[in-house]
Amino acid sequence: MKVKSPLEVYNYLPRTNCGECGFDTCMSFAAHIIDRSVTPLDCKPLVEEAKKDPKAKKKLEELLELTAPEIAEVVIGVGDNAVKIGGEEVLHRHELTFFNPTGFFYDVWDTMDDKALEERCERVVSYKKFYVGNFLTLDGFAVRCTSGDPKRYREVVKKVASYGKPMILVALDPECMKAALEEVADQRPLMYAATEGNWKEFLKMALEYKVPVTLRAKDLDVLKSMAVTFKQAGVKDIVLDPVTEPLGEGLKGTFERVIQLRRTAIAGQDKDVAYPIMITPIAAWLIEGDEVTKSYWEAVIASMFIVKYGDVMIFRSLDQHVVMPTITLRFNIYTDPRTPVQVEPGLRAINDPGPDDPVFITTNFALTYYTVESDLTSGGIKGWLLVLNTEGLGVEVSVAGGQFTASKVKELIEETKIEEKVNHRYLVIPGLAARLQGAIEDETGWKVLVGPMDSGRIKGWLEKNWPPKE
């Protein structure tokens with residue numbers, strides 16, 4: 001994005017404050033364009049005027065160019081399950097944030113028997129991991145042509161498409177690729193991959209079927225040359241694969257090529273290579289060793305490039321020791337580092353509590369909240385959980401920083417009307433907030449009990465301390 005201030009965007013807008021965009025003012029709308037929650041096309045008067053007036057059309061085109069991300073955004077798939085990759089603005093997430101999480105695609109192949117294919121597809125579709133208030137899932141399938149038979153490949157692609165997930169079509173043979181595209185082009189799969197040997201056929205198919213295409217070359221000059229050729233021919237949706245090598249000097253070379261591509265695109269402002277980058281951790285299965293060793297290296301490769309510029313990846317292993325760390329790392333890297341992850345403050349009823357059950361308090365930092373909520377729920381503890389707005393900070397930090405205070409606790413008690421729900425006036429505070437015990441008692445009139453520092457010990461603590469002794 002070449003503009004950094006809402007005022008720069010505001011000058012391109014109608015400045016009538018009509019509210020059709022859903023915001024009160026054009027300046028507010030401009031600010032949301034900067035944070036990428038809307039686009040200039042969401043300004044209805046601007047779009048309508050561009051349809052009638054060539055000058056207005058040029059103005060809109062200029063604004064779209066100025067607000068476009070530095071790395072092109074490519075969409076794989078259609079509908080609610082579509083995966084957006086690329087679209088990044090910066091080299092380092094602390095400068096802004098990383099917007100589109102790395103796409104995770106898992107391979108199936110056309111020489112699998114039908115039962116094995118169905119089982120693997122089901123595993124990908126059904127995978128779901130709850131983490132910090134979110135369900136982490138897998139994005140789609142990479143359907144590999146290993147038979148060399150266009151008819152069989154088409155059949156398998158059709159079957160995989162029925163699961164509703166986005167697909168990467170992995171076939172270097174143009175005939176096999178064309179057969180698959182004839183079946184599923186309307187679902188917008190990503191073609192993989194155009195090379196020095198087949199690029200002419202792949203270029204024709206990219207234009208004919210209007211689907212994104214991956215360009216693959218280890219030599220970055222060749223990769224750039226192909227990108228320029230495809231772009232000049234009218235292909236906009238391009239992904240670059242600088243070839244993933246799994247070990248030693250090969251892996252080092254892969255890392256250097258990826259860094260060079262992204263730095264050249266953003267720092268060097270070279271639009272010829274400003275496209276999403278494909279990484280193939282599945283390359284780890286080419287090394288010698290047992291399956292555990294290969295899957296381990298797959299996780300290592302994926303982790304390296306989730307952190308450094310990998311926009312889409314193809315995996316083999318569905319083992320938990322590969323999937324869990326990589327999806328968790330992806331979530332953490334693509335969470336805005338400038339905004340703490342937080343939940344709504346208020347009151348939660350845990351395990352259907354009654355008026356004689358304890359009242360706990362915690363912060364609205366998501367990791368803290370879900371840890372406490374999980375420990376209470378899994379421990380079968382009935383209780384009321386007050387969630388204090390600490391601006392997404394944990395207990396110890398918010399106590400030290402003044403976000404967790406006695407006056408705020410009093411306000412929360414009053415807002416949630418917890419006094420109407422319980423027959424007692426006892427509040428259990430976290431051990432890390434012990435220093436606030438007296439202040440909270442003075443401010444609220446409640447008796448404060450200092451609980452354990454670790455919410456996992458609440459159950460044992462309650463056995464000794466609840467109900468409280470007068």
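The structure presented is a predicted model; accordingly, all values stated were derived computationally and were not measured. Note: hydrogens, waters and symmetry copies are ignored here, and every other heavy atom, side chains too, is used. Heads up: numbering here begins at 1 and tracks the sequence.
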Task: Residue pair Asn100 / Glu73, side-chain donor-acceptor N/O under 3.5 Å - done: yes
Open item on the list: Using side-chain heavy atoms (C-beta onward) and a distance below 4.5 Å, is Leu60 in contact with Leu41?
Closed with: yes
Task: Sidechain-backbone polar pair: Asp319 side chain, Val322 backbone, donor-acceptor under 3.5 Å - done: no
Open item on the list: Distance check, rounded to the nearest 0.5 Å: Ser147 atom OG versus Trp109 atom CH2?
Closed with: 13.5 Å
Run the side-chain donor-acceptor check on residues 76-87: report pairs under 3.5 Å with partners two or more places apart or on a different chain.
unit_1, atom_1, unit_2, atom_2, d
Asn81, ND2, Gly164, O, 3.0

TODO: Considering only NZ, NE, NH1 and NH2 on the basic side and carboxylate oxygens on the acidic side, decide whether Arg257 and Asp221 come within less than 4.0 Å.
DONE: no
Could you pull out every donor-acceptor pair under 3.5 Å between side chains of residues 270-277 and any protein atom, sequence neighbours left out?
unit_1, atom_1, unit_2, atom_2, d
Asp270, OD1, Asp272, N, 3.0
Asp270, OD2, Lys224, NZ, 2.9
Lys271, NZ, Glu70, O, 3.0

Open item on the list: If you define the side chain from C-beta out and look only at heavy atoms, does anything of Tyr369 sit under 4.5 Å from Arg348?
Closed with: yes
- [ ] Drop me the distance from Asn351's CG to Ser378's OG, to the nearest 0.5 angstrom.
- [x] 9.0 Å
Task: Distance (rounded to the nearest 0.5 Å) between Ser5 OG and Asn11 CG - done: 8.5 Å
Open item on the list: Quick check with a 6.0 Å cut-off and a 45 degree axis cone: is Arg36 positioned over the face of Phe99's six-membered ring?
Closed with: yes
Side-chain donor-acceptor pairs of residues 135-146 under 3.5 Å, sequence neighbours excluded:
unit_1, atom_1, unit_2, atom_2, d
Asp139, OD2, Phe104, N, 2.7
Asp139, OD2, Arg330, NH1, 2.7
Arg144, NE, Asp107, OD2, 3.0
Arg144, NH2, Asp107, OD2, 3.2
Thr146, OG1, Asp110, OD1, 3.0
Thr146, OG1, Thr111, OG1, 2.8

- [ ] Examine distances only and state if a side-chain atom of Ser295 and a backbone atom of Glu291 form a donor-acceptor pair shorter than 3.5 Å.
- [x] yes
- [ ] Using a 4.5 Å cut-off on heavy atoms from C-beta on, say whether the side chain of Leu393 contacts that of Thr363.
- [x] no
TODO: Indicate whether the side chain of Asn332 and that of Thr335 have a donor and an acceptor atom separated by less than 3.5 Å.
DONE: no
Open item on the list: Going by the rule side chain to side chain contact (heavy atoms under 4.5 Å, CB included), which residues pair with Glu396 if we only count those two or more places apart in sequence or in a different chain?
Closed with: Leu432
Task: Check against side-chain contact (heavy atoms from CB on, under 4.5 Å), Val213 and Asp237 - done: CA-CA 7 Å; Val213 59; Asp237 297 316; over 6 Å; no
TODO: Considering only NZ, NE, NH1 and NH2 on the basic side and carboxylate oxygens on the acidic side, decide whether Arg154 and Asp149 come within less than 4.0 Å.
DONE: no
Open item on the list: I'd like to know if Glu88 pairs up with Arg262 as an ion pair, taking the criterion as any Lys NZ or Arg NE/NH1/NH2 lying under 4.0 Å from an Asp or Glu carboxylate oxygen.
Closed with: no
Open item on the list: Are Pro166 and Pro189 packed together at the side-chain level, in the sense that at least one heavy-atom pair is separated by less than 4.5 angstrom?
Closed with: no
Task: Side-chain touch Leu172/Thr195, heavy atoms, less than 4.5 angstrom - done: yes
Open item on the list: Measuring only between side-chain heavy atoms, which start at C-beta, is Lys129 closer than 4.5 Å to Asn134?
Closed with: no
Open item on the list: Applying side chain to side chain contact (heavy atoms under 4.5 Å, CB included), can you list everything that pairs with Glu196, at least two apart in sequence or on another chain?
Closed with: Val222
- [ ] Tell me whether the guanidinium CZ or amine NZ of Arg316 lies under 6.0 angstrom from the six-membered ring centre of Trp297 and within 45° of its axis.
- [x] no
Task: Interatomic distance, Glu48 atom CD to Cys43 atom SG [nearest 0.5 angstrom] - done: 10.0 Å
Task: Atom of Leu207, atom of Gly234 and distance for their closest heavy-atom approach - done: CD2-C, 4.0 Å
Open item on the list: Going by ring pair (Phe, Tyr, Trp, His ring centres under 6.0 Å), name the pairs with one or both residues in residues 165-224, residues two or more places apart or in two chains.
Closed with: none
- [ ] Determine whether Glu208 and Lys178 make a side-chain contact, defined as any pair of heavy atoms from C-beta on separated by less than 4.5 Å.
- [x] yes
Open item on the list: Quick check for you: to the nearest 0.5 Å, what is the distance between Glu118 atom CD and Met112 atom CE?
Closed with: 10.0 Å
Task: Atom of Ala194, atom of Met226 and distance for their closest heavy-atom approach - done: O-CE, 3.9 Å
Task: Short side-chain donor-acceptor distance under 3.5 Å, Asn17 and Thr25 - done: no
Task: salt_bridge(Glu155, Arg152) N-O dist < 4.0 Å - done: yes
- [ ] Tell me, with the steps shown, if Thr280 and Thr244 meet side chain to side chain donor-acceptor pair (under 3.5 Å).
- [x] CA-CA 6 Å; Thr280 54; Thr244 303; 3.3 Å; yes
TODO: To the nearest 0.5 Å, tell me how far Phe365 CZ sits from Asn389 CG.
DONE: 14.0 Å
- [ ] Go through Tyr106 and Arg120 one step at a time and tell me if the side chain to side chain donor-acceptor pair (under 3.5 Å) criterion holds.
- [x] CA-CA 9 Å; Tyr106 293 80; Arg120 188 165 173 82; over 6 Å; no
- [ ] Say whether, by atom type as modelled, one donor and one acceptor occur between the side chain of Ser374 and the main chain of Thr371 under 3.5 angstrom.
- [x] no
- [ ] Apply side chain to side chain donor-acceptor pair (under 3.5 Å) to Tyr153 and Glu183, showing your working.
- [x] CA-CA 10 Å; Tyr153 188 53; Glu183 187 67 48; over 6 Å; no
Task: Side-chain (Asn198) to main-chain (Glu201) donor-acceptor, under 3.5 angstrom - done: no
Open item on the list: Counting C-beta onward and ignoring hydrogens, is there a side-chain heavy-atom pair between Phe360 and Val372 closer than 4.5 Å?
Closed with: no
- [ ] Fit a plane to each ring of Phe98 and Tyr334, take the angle between them on a 0 to 90° scale, and name the class: parallel (under 30°), tilted (30 to 60°) or perpendicular (over 60°).
- [x] tilted
TODO: Determine, stepwise, if the pair Phe105 / Phe315 fulfils ring pair (Phe, Tyr, Trp, His ring centres under 6.0 Å).
DONE: CA-CA 6 Å; Phe105 290 76; Phe315 291 84; 9.7 Å; no
